[in-house]
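Worksheet: the structure to be examined is printed underneath.
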Amino acid sequence: MIDLKLLQKDFDALSAKLSRKGVDAELLKELKQKNETLKEAKATYETLQAAQNAMSKEFGIYKQQGKDVAELKAKVDANKLKINDALEAQRIAQEALELLAMAIPNIPDDSVPEGADENDNVEIKKVLTPRSFSFTPKEHWELAEQNGWIDFERGVKLATSRFSVLHTEAAKIERALINFMLDFNAQRGFAEMSVHAIVNRAALEGTGQLPKFENDLYKLEGQELFLIPTAEVPLTNLYQDEILPPEALPILMTGYTSCFRKEAGAAGRDTRGMIRQHQFHKVELVAITKPEESEKVFEDMVACASDLLSALELPHRLVRLCAGDLGFGAAYTVDLEVWLPGQNTYREISSVSNTRDFQARRAKIRYKDGKNNTLVHTLNGSSLAVGRTLIAIMENFQNEDGSITIPEVLKPYIR
RNA sequence: GGAUAGAUGGGUGAGUUGGCUGAAACCACGUCCCUGCUAAGGACGCGUACGGGUAACCGUACCGAGGGUUCGAAUCCCUCUCUGUCCA
């Protein structure tokens, strides 16, 4: 959630920043209006309630002294009616404000480039040079079929489209990748965590998936529980509604989970192959930091993901997301795109974001900053999407006969 | 699944014939004082959120969650969640 005080104080500046993310100024005006309405409603209610509390106190004294309370009771009863109205008005104002405020995305950082969609993203740098092939490199699904690595048909049979099953060698590589990634991240100081894949509404509100993106989530029948779309949700919300001691920060975590997404808005995109699945595996990085150190931790996380790709000998590039392509909760984001020779293009394999205090405000994660409680900064990044890493290995390490070489660093992990 | 007990501040833990308890006491923690050496004594402070005020401070809300009764609820009633113990 954005800082409503900022909205009251410096509306024009905030509005200008959020318009880059496609937020209409009218919507913000409405938000500001609703915030003011709530403040007034609260003030009214609290004044009345203060009077009521004072009278109630008097009431007790009257009773003790055996005085007649009839007159006082009449006054108190009359006030009560006003309180009920005021309380109702406050409740309505509160709901209206929250409904709107929870749907406003984070403020993009000034460093975020202008732009509408992924075509306006800005490349920062390329890492490793794609190898040149003496033959035409195949796409991963051809290789998958030829090697018998991925069973798309049976995956669909078991569930529905966008599901697939890995066979023998590919399954082993997947497991090796997960282990390799977790070990790699641990060496960079990220503590390995094993979290569950089912969370409640509060957790998803904390990280910003709800209330706005309920359509993208798998919800459990008859329960207020959802399958996680990313480990960012359980990892970040671990500290929901807590006040952390300053010496606990930064908290650096890594965790492997399955991720579940309906991909509601992606009909027709990447239908072929294993790029976009309803259930996929991902190793995630999450950091909880003091505000002043989030910038540095962000750079560390980007470096971690990039170095991981380099260790796997996968050519990739770093891309700064433009305002229009930025996610809901991110103040700024760097995507890592891996080279896919079969597709002859770079494809997203990791996304690292600093949400600053956006999630912290929603999830109420603070730390003791001397005498004050200050909102922390939260960051998240994939390191990496496992399925896409497998694809990248297949395409980059393919040989002319269709066989696939295993990257050196993975060999110790495969038995 | 059945029976039963319980859920209070950083921790332990009072308070349940409704009002003087936002919450005793102890511990932990912080600042200061004293003392001076293998450890101790004293004073004060010490929950969170929101709103108002330059500030001291004031107001409102919160004793698992939600609702109800009442002029007034941590204390009474209802629903839910979770935990302990015992029985299947």
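All chains are named by letter (A, B, ...) in the order of the sequence lines, taking the proteins before the strands, and each is independently numbered beginning at 1.
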Practice task
May I have the distance from A:Leu244 (atom CG) to B:G10 (atom C1'), rounded to whole angstrom?
Solution key: 13 Å
Practice task
Please determine, for B:U60, whether a Watson-Crick or G-U wobble partner exists with both distances under 3.5 Å, and give it or none.
Solution key: B:A49
Problem - Interatomic distance, A:Asp241 CG vs B:A49 P [rounded to whole Å] - result: 10 Å
Problem - Donor + acceptor pair across side chains of A:Thr378, A:Thr355 (<3.5 Å) - result: yes
Problem - Identity of whatever pairs with B:U85 - Watson-Crick or G-U, under 3.5 angstrom - result: B:A3
Exercise for the section: State whether A:Glu284 and A:Lys282 are salt-bridged, where the test is any N-O pair (Lys NZ or Arg NE/NH1/NH2 against Asp/Glu carboxylate O) under 4.0 Å. Expected result: yes
Practice task
If B:G41 has a Watson-Crick or G-U wobble mate with both distances under 3.5 Å, name it; if not, just say none.
Solution key: B:C33
Exercise for the section: Go through residues 77-90 of chain A and report each residue with a non-hydrogen atom lying under 4.0 Å from RNA chain B, sorted by number. Expected result: A:Asp77, A:Lys80
Practice task
Before accepting this row, confirm whether a basic side-chain N of the pair A:Arg20/A:Glu114 lies closer than 4.0 Å to the acidic partner's carboxylate O.
Solution key: yes
Exercise for the section: First locate atom CG of A:Asn185, then atom CG of A:Leu252, and finally report the distance between them rounded to the nearest 0.5 Å. Expected result: 10.5 Å
Practice task
State whether A:Arg276 and A:Glu263 are salt-bridged, where the test is any N-O pair (Lys NZ or Arg NE/NH1/NH2 against Asp/Glu carboxylate O) under 4.0 Å.
Solution key: yes
Practice task
Using a heavy-atom cut-off of under 4.0 Å over every strand shown, decide if A:Leu72 touches base, sugar-phosphate, or nothing.
Solution key: nothing
Practice task
Check each of A:Asp3, A:Asp109, A:Asp110 against A:Lys17 using the salt bridge (Lys or Arg N to Asp or Glu O under 4.0 Å) test, and report the only one that passes.
Solution key: A:Asp110
Practice task
Using a 4.5 Å cut-off on heavy atoms from C-beta on, say whether the side chain of A:Leu182 contacts that of A:Val283.
Solution key: yes
Exercise for the section: May I ask you to test the A:Ile228-A:Pro234 pair for a side-chain heavy-atom distance under 4.5 Å? Expected result: yes
Practice task
Check every strand shown and say whether A:Glu58 touches a base, only sugar-phosphate, or nothing at a heavy-atom separation below 4.0 Å.
Solution key: nothing
Handout entry: Nearest-angstrom distance, C1' atom, B:U69 to B:U75
Key = 14 Å
Exercise for the section: Using a strict cut-off of less than 4.0 Å between a Lys/Arg side-chain nitrogen and an Asp/Glu carboxylate oxygen, indicate whether A:Lys157 and A:Glu153 qualify as a salt bridge. Expected result: no
Practice task
Summarise protein proximity over nucleotides 50-67 of chain B in one line of letters, 5' to 3': B for base, S for sugar-phosphate only, - for none, counting protein heavy atoms closer than 4.0 Å.
Solution key: SSS------BBS------
Identify each atom pair where a protein N or O and an N or O of nucleotides 20-24 of chain B are less than 3.5 Å apart, giving names and distance.
unit_1	atom_1	unit_2	atom_2	d
B:C20	N4	A:Gln64	NE2	3.3

Handout entry: CA sep, side-chain torsions, deciding dist, call: A:Asn53, A:Gln49, side chain to side chain donor-acceptor pair (under 3.5 Å)
Key = CA-CA 6 Å; A:Asn53 287 345; A:Gln49 187 62 48; 3.1 Å; yes
Problem - Phosphate OP1/OP2 of B:U48: any A:Lys368 side-chain N/O under 4.0 Å - result: yes
Handout entry: Distance, P atom - from B:G66 to B:G13, rounded to whole angstrom
Key = 25 Å
